[in-house]
Peer 1: 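Take a look at the following structure, please.
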Amino acid sequence: MQYGSEEERSLIEKFVMYPILLTVFNRDLQIIYGSPFKLRQPYVALVEQIMNQISRDLFDVRIELRKRRIKVMDARREEDITEYEIFIRGYREIMRFPNIHLKNKAETLMLSYLQVTIE
């Protein structure tokens with residue numbers, strides 16, 4: 001049974017996705033540092049700026065979840081699914097995300113933060 005509203009479920013999904021994005025951008029940043037770019041600093045500045053924005057967005061989501069008395073527990077990975085235990089105003093719920101969904105959503109959010117559209 002679903003206890004949260006669509007808006008709350010969207011907040012939960014953002015809470016799940018933002019740390020994934022930070023991990024991906026951080027890995028990319030390490031690759032940039034290790035690559036032989038002639039002008040590395042513009043790429044580093046761009047990725048760091050995006051990571052700072054994601055961190056601020058995650059902070060805002062955490063505050064909103066706390067206001068709504070929603071708690072998201074750590075992920076548990078299975079083969080093709082990642083599970084999150086959610087407590088919404090005292091009710092317990094398990095949210096399952098297919099890993100391919102998380103990957104696709106991360107890609108979409110990355111494009112959004114980079115302000116890029118793919119045709």
Side-chain angles (χ1 to χ4, degrees):
M1 178 176 215
Q2 294 183 351
Y3 295 103
S5 66
E6 281 301 313
E7 183 180 354
E8 290 171 337
R9 298 184 92 58
S10 175
L11 282 171
I12 291 167
E13 187 173 81
K14 288 177 184 176
F15 183 79
V16 166
M17 293 307 305
Y18 289 160
I20 293 170
L21 284 179
L22 287 172
T23 300
V24 170
F25 276 116
N26 191 45
R27 285 181 187 165
D28 291 350
L29 191 59
Q30 297 312 310
I31 291 169
I32 291 170
Y33 278 126
S35 297
F37 283 95
K38 293 237 184 234
L39 300 172
R40 177 181 302 141
Q41 192 53 37
Y43 298 104
V44 169
L46 175 64
V47 172
E48 287 178 345
Q49 180 182 9
I50 291 170
M51 289 175 68
N52 288 336
Q53 182 61 51
I54 293 169
S55 294
R56 286 190 296 272
D57 292 347
L58 179 58
F59 180 79
D60 293 342
V61 167
R62 280 187 175 130
I63 289 173
E64 190 60 32
L65 288 174
R66 196 172 304 130
K67 281 182 192 175
R68 294 172 184 245
R69 296 181 17 216
I70 298 172
K71 188 172 185 177
V72 180
M73 304 305 285
D74 288 336
R76 198 176 95 220
R77 288 182 158 262
E78 294 180 11
E79 283 183 34
D80 297 342
I81 303 279
T82 302
E83 268 185 11
Y84 291 87
E85 188 174 16
I86 314 293
F87 293 93
I88 302 176
R89 291 174 292 284
Y91 292 98
R92 178 181 174 270
E93 182 177 339
I94 301 291
M95 285 183 76
R96 291 177 178 87
F97 295 97
N99 291 338
I100 191 71
H101 169 76
L102 294 175
K103 178 183 178 270
N104 291 338
K105 185 70 175 178
E107 188 174 292
T108 301
L109 285 170
M110 284 180 76
L111 290 169
S112 172
Y113 276 103
L114 289 166
Q115 298 178 355
V116 175
T117 56
I118 294 180
E119 296 177 19

Peer 1: Side-chain contact test, heavy atoms from C-beta onward, threshold under 4.5 Å: evaluate it for N99 versus R77 and give yes or no.
Peer 2: yes
Peer 1: How long is the gap from NE2 on H101 to CE on M17, to the nearest 0.5 Å?
Peer 2: 7.0 Å
Peer 1: Taking atom CG of N52 as the centre, report whether more than 12 heavy atoms of other residues, nucleotides or ligands fall under 6.0 Å from it.
Peer 2: yes
Peer 1: Should E85 and E83 count as side-chain neighbours, where that means a heavy-atom distance under 4.5 Å?
Peer 2: no
Peer 1: So V24 and R27, do their side chains get closer than 4.5 Å, heavy atoms only?
Peer 2: no
Peer 1: After noting the C-alpha distance and the side-chain angles of Q53 and R56, does the key distance pass the side chain to side chain donor-acceptor pair (under 3.5 Å) rule?
Peer 2: CA-CA 5 Å; Q53 182 61 51; R56 286 190 296 272; 2.8 Å; yes
Peer 1: Do the non-hydrogen side-chain atoms of I70 and L11 ever get within less than 4.5 Å of each other?
Peer 2: no
Peer 1: Quick check against the 3.5 Å criterion: does S55 have a side-chain atom that pairs as donor or acceptor with the backbone of M51?
Peer 2: yes
Peer 1: Are any of the side-chain heavy atoms of I100 and D80 separated by less than 4.5 Å?
Peer 2: no
Peer 1: With a sphere of 6.0 Å drawn around CD of E7, does it hold more than 12 non-hydrogen atoms of other residues, nucleotides or ligands?
Peer 2: no
Peer 1: Is it the case that atom CD in Q30 sees more than 12 heavy atoms from other parts of the structure closer than 6.0 Å?
Peer 2: yes
Peer 1: If every non-hydrogen atom of P98 is compared with every non-hydrogen atom of I81, which pair is closest and at what distance?
Peer 2: CA-CD1, 4.0 Å
Peer 1: Using 0.5 Å steps for rounding, measure from the CG atom of L22 to the CG atom of L29.
Peer 2: 11.5 Å
Peer 1: Donor-acceptor check, side chain of E48 to backbone of A45, threshold 3.5 angstrom: yes or no?
Peer 2: no
Peer 1: Looking only at heavy atoms, which two atoms of Y18 and I54 are closest? And how far apart?
Peer 2: O-CG2, 3.7 Å
Peer 1: Look up atom CD in E6 and atom CD in E8, then write down how far apart they are to the nearest 0.5 Å.
Peer 2: 10.0 Å
Peer 1: Is any side-chain heavy atom of I12 closer than 4.5 Å to one of I88?
Peer 2: yes
Peer 1: Just by distance, do the side chain of R40 and the backbone of S35 share a donor-acceptor pair under 3.5 Å?
Peer 2: yes
Peer 1: Is R96 close to E78 at the side-chain level, that is, under 4.5 Å between some pair of heavy atoms?
Peer 2: no
Peer 1: What is the minimum heavy-atom distance between Y84 and D74, and which atoms define it?
Peer 2: CD2-C, 4.3 Å
Peer 1: Do side-chain atoms of T23 reach the backbone of P19 as a donor and acceptor pair under 3.5 angstrom?
Peer 2: yes
Peer 1: Would you call the rings of Y43 and F37 parallel, tilted or perpendicular, taking 30° and 60° as the class edges?
Peer 2: tilted
Peer 1: Nearest 0.5 Å, please: how far is CG in D57 from CG in L109?
Peer 2: 10.0 Å
Peer 1: Just so I know, are the side chains of K14 and E64 near enough to count as touching, which here means a heavy-atom distance under 4.5 Å?
Peer 2: no
Peer 1: What's the spacing between T82 OG1 and R76 CZ if we round to 0.5 Å?
Peer 2: 10.5 Å
